[in-house]
Amino acid sequence: MSKVQVTEAAMIRVGDVDVKGLTSFGNMLGALGDDAPKAVNRAINRTGDMARTQVVKKLSAQVGLPQQLIRRSVQVKRSSWRDLNYELRAAGGDVSLKYFKRRETDDGVRAYLGQSRGWDWFAESFFRGGRWPGPRKEISWSHGHVFARTGGRTELEKITSGVFIPVEMLSGASAKAFSRTVESTLPRRLDHEISRLLAH
């Protein structure tokens, strides 16, 4: 998955993770008959939800964005009896600097872009108004965005971070967390769901 070049959308699926030992559940699922998809569906959804929690946590640290924003960006397609898979989907472009921890300096803005990039510097950019280094105030029309001048006082460019959430989701700690959670959780959840239905 990490080799896929994505700039606007990405997807990871529980079914794409190579989980060892699942074939050992074949006879037990056969014993459930028509209830087998019910057990698999529940196990996949529970596993997927746990994997999503880990992805949000790791991705937040990886890119330096609040978990709340990551949760809004990473959407879920849950498993069903007819489509036994669980997908995490992320879409979006270059994230604006307004969403990151940032500081104004006399020669530009420094922003924290997470563990993967650390603090980065954006020359001659700003997000407040007023003469430096005197008192500077939020610019009412900017909505918190960071800008740089491209010409005169009114010729401005909105500055973005170079961080693409879909790309980041498929790499680094977040991708590893997804695979690791699925590998460790799916067999346990499947065993639990099968045992619960067989006991009825």
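Keep in mind that the numbers below use all heavy atoms, side chains included, and drop hydrogens, waters and symmetry copies.
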Hey, is Glu193 close enough to Arg196 for a salt bridge, meaning N to O under 4.0 Å?
->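 Judged by the 4.0 Å cut-off on N to carboxylate O distance, Glu193 and Arg196 do form a salt bridge.
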Val109 to Phe127 - nearest heavy-atom pair and separation = CG2-CD2, 3.9 Å
Non-hydrogen atoms of Pro187 and Val182 that approach each other most closely = CD-O, 4.0 Å
Do [X] and [Y] share a hydrophobic cluster (ILVMFWY, side-chain heavy atoms under 4.5 Å, transitive)?
X      : Y      : value
Tyr99  : Phe147 : no
Ile44  : Trp81  : no
Ile159 : Ile139 : no

cation_pi(Arg102, Tyr112) dist<6.0 Å, angle<=45 |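 Relative to the ring axis of Tyr112, which defines the angle, Arg102 lies outside at least one limit.
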Measure from NZ or CZ of Arg103 to the centre of the six-membered ring of Trp119, then state whether that distance is under 6.0 Å and the direction lies within 45° of the axis.
->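 Here Arg103 passes the 6.0 Å and 45° test against Trp119.
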Using atom types as modelled and distance alone, determine if a side-chain donor or acceptor of [X] lies under 3.5 Å from a backbone N or O of [Y].
X      : Y      : value
Thr160 : Asp94  : no
Arg136 : Arg128 : yes
Ser60  : Lys57  : no
Ser79  : Asn45  : no
Arg149 : Glu124 : no

Could you tell me if the side chain of [Y] sits less than 4.5 Å from the side chain of [X], heavy atoms only?
X      : Y      : result
Leu59  : Met169 : yes
Thr181 : Thr53  : no
Glu183 : Val17  : yes
Leu156 : Phe126 : yes
Phe100 : Leu65  : yes
Leu97  : Phe122 : yes

Pairs involving residues 159-173, ordered by first then second residue, that meet salt bridge (Lys or Arg N to Asp or Glu O under 4.0 Å) (sequence neighbours left out) = Arg117-Glu168
